[in-house]
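Structure record follows, encoded as structure tokens.
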Amino acid sequence: MMLEPTKAEIARRKKVAARSALADAVSRSSSEKKVEPTRADFGLPPDFDFEEFDAFLKKRERRSLAVKLIIFAILAAAFVFALHDDSEERSFLTSYLGPVAFSYVLIFVLPFADYMLKSIYGDEAYINDACDFRVAFQNWKHFQTVSGEGYWRSLRGRDLEWAAAGVFRERGWKVSTTATTGDGGVDLVLKYANTTFFCQCKGHVKPVSVGAVREIAGVCAASSAIPMLIVVNGVTGPAFKTAKELSVVVWDRAQLAAFARGDLALS
């Protein structure tokens with residue numbers, strides 16, 4: 001006879017499945033970013049040029065704005081003319097229907113006219129493909145940057161904290177930053193599933209000493225969070241030994257770059 005799974009077992013299985021799905025999604029995302037996107041991937045011609053595309057978009061916006069201003073001027077003139085009409089029959093029209101109709105045109109007709117004009121001056125699907133290619137190419141360039149050790153070597157202070165937070169968010173982690181002062185030695189709070197890390201970021205030019213290791217370990221002593229130290233230029237020998245003794249996770253720029261590439265996991 002097969003036993004029915006308990007509620008705790010069902011919850012555990014759901015968490016495992018969710019973690020697996022998230023890991024697969026992050027892995028696919030990282031794999032896609034490793035390959036440079038091409039124009040052909042987005043249905044664009046080989047000679048597609050961003051400068052010409054941007055100039056075309058600006059020209060299209062100017063045309064659209066000019067036509068909308070003309071429409072608005074005509075409507076405004078008609079409305080003003082109606083207000084100056086001295087006939088007694090116009091009172092209800094100008095007092096009630098006129099403002100309502102004018103507002104309706106501004107809210108609904110002008111945006112629709114703008115959409116139609118933009119469709120006339122350019123294939124909307126082609127423009128969307130070009131914009132998607134731009135975003136994909138920028139993401140690829142960002143990936144190439146953060147996945148290199150040189151990027152992390154020169155980061156200091158809040159710049160290092162923001163960069164590290166961004167990479168962890170891209171990999172599916174929940175990240176919260178702390179105040180610049182009075183943070184108790186914690187710069188980032190990293191959460192993934194049921195695991196929490198209290199992270200301190202050190203962008204020192206020289207290897208970090210044992211004091212930083214003991215500080216973050218002491219902060220985590222009264223909680224279930226795992227202490228972590230991000231040091232772009234490594235730690236000293238005694239600090240590395242102390243980190244092992246106190247179960248402090250230490251990452252340098254090489255590990256940060258590997259994590260950004262998707263070649264290293266933190267759990």
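- The only member of Leu188, Ile216, Ile226 that meets side-chain contact (heavy atoms from CB on, under 4.5 Å) when paired with Cys199 is Leu188.
- If you chain together hydrophobic residues whose side chains sit under 4.5 Å apart, Trp162 and Phe143 never meet in one group.
- Remark: Asn128 CG to Phe133 CZ distance equals 15.0 Å, nearest 0.5 Å.
- Under the 4.5 Å side-chain heavy-atom criterion for ILVMFWY residues, no single connected hydrophobic cluster contains both Val232 and Val210.
- Atom NZ of Lys174 and atom CG of Leu190 lie 13.0 Å apart (nearest 0.5 Å).
- Distance alone, capped at 3.5 Å, is enough to place a donor-acceptor pair between the Trp152 side chain and the Val146 backbone.
- Nearest approach of Ala217 to Val248, heavy atoms of both residues: CB-CG2, 3.8 Å.
- Under the 4.0 Å criterion applied to side-chain N and carboxylate O atoms, Glu161 and Arg158 are assigned as salt-bridge partners.
- Asp263 places no side-chain N or O within donor-acceptor distance of the main-chain N or O of Ala258, the cut-off being under 3.5 Å.
- Residues passing the ring pair (Phe, Tyr, Trp, His ring centres under 6.0 Å) test with Phe168 are Trp173, Phe259, sequence neighbours excluded.
- Between Phe50 and Phe48, the ring-plane angle classifies as perpendicular under the 30° and 60° cut-offs.
- Nearest approach of Ser147 to Ala257, heavy atoms of both residues: O-CB, 3.4 Å.
- Here CG of Asp159 is found 11.5 Å from SG of Cys201. Values are rounded to the nearest 0.5 Å.
- Contact annotation: the side chain of Phe240 never approaches that of Val250 to less than 4.5 Å [non-hydrogen atoms, C-beta and beyond].
- Under the 3.5 Å distance criterion, the side-chain polar atoms of Gln255 are matched with a main-chain donor or acceptor of Asp252.
- Atoms CD1 and CG, on Ile230 and Leu155 in that order, are 11.0 Å from each other to the nearest 0.5 Å.
- Between Met228 and Gln200, every side-chain heavy-atom pair lies at or beyond the 4.5 Å cut-off.
- Looking at Phe137 and Glu36, their side chains come closer than 4.5 Å, going by heavy atoms from C-beta outward.
- Among residue pairs with one or both ends in residues 228-250, none qualify as salt bridge (Lys or Arg N to Asp or Glu O under 4.0 Å); sequence neighbours excluded.
- Rounded to the nearest 0.5 angstrom, Lys206 NZ and Asn233 CG are separated by 11.5 Å.
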field: Test side chain to side chain contact (heavy atoms under 4.5 Å, CB included) applied to Val249 and Phe197, step by step
entry: CA-CA 9 Å; Val249 179; Phe197 288 81; 4.1 Å; yes

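- At least one donor-acceptor pair closer than 3.5 Å links the side chain of Arg156 to the backbone N or O of Gly203.
- Between Trp140 and Val35, the shortest heavy-atom distance links the atoms CD1-O, 3.4 Å.
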**Report entry** Pair Arg134-Asp54, salt bridge (Lys or Arg N to Asp or Glu O under 4.0 Å): steps then yes or no
**Finding:** CA-CA 11 Å; Arg134 186 201 296 273; Asp54 290 337; 2.4 Å; yes

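- Shown here for Val213 and Ala239, the closest heavy-atom pair between the two residues is CG2-O, 3.7 Å.
- Considering CD of Glu61 and NZ of Lys59, their distance stands at 14.0 Å, rounded to 0.5 Å.
- Summarising the geometry of Lys202 relative to Ala212, their closest heavy-atom pair is CE-CB, 4.0 Å, with the distance given to 0.1 Å.
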- Message: Under the criterion side chain to side chain contact (heavy atoms under 4.5 Å, CB included), I'd like the reasoning laid out for Leu44 against Asp129: C-alpha separation, chi angles, the key distance, then a yes or no.
- Response: CA-CA 8 Å; Leu44 301 175; Asp129 290 339; 4.3 Å; yes

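- A pairwise comparison of heavy atoms in Ser247 and Pro227 identifies O-CG, 3.6 Å as the closest pair.
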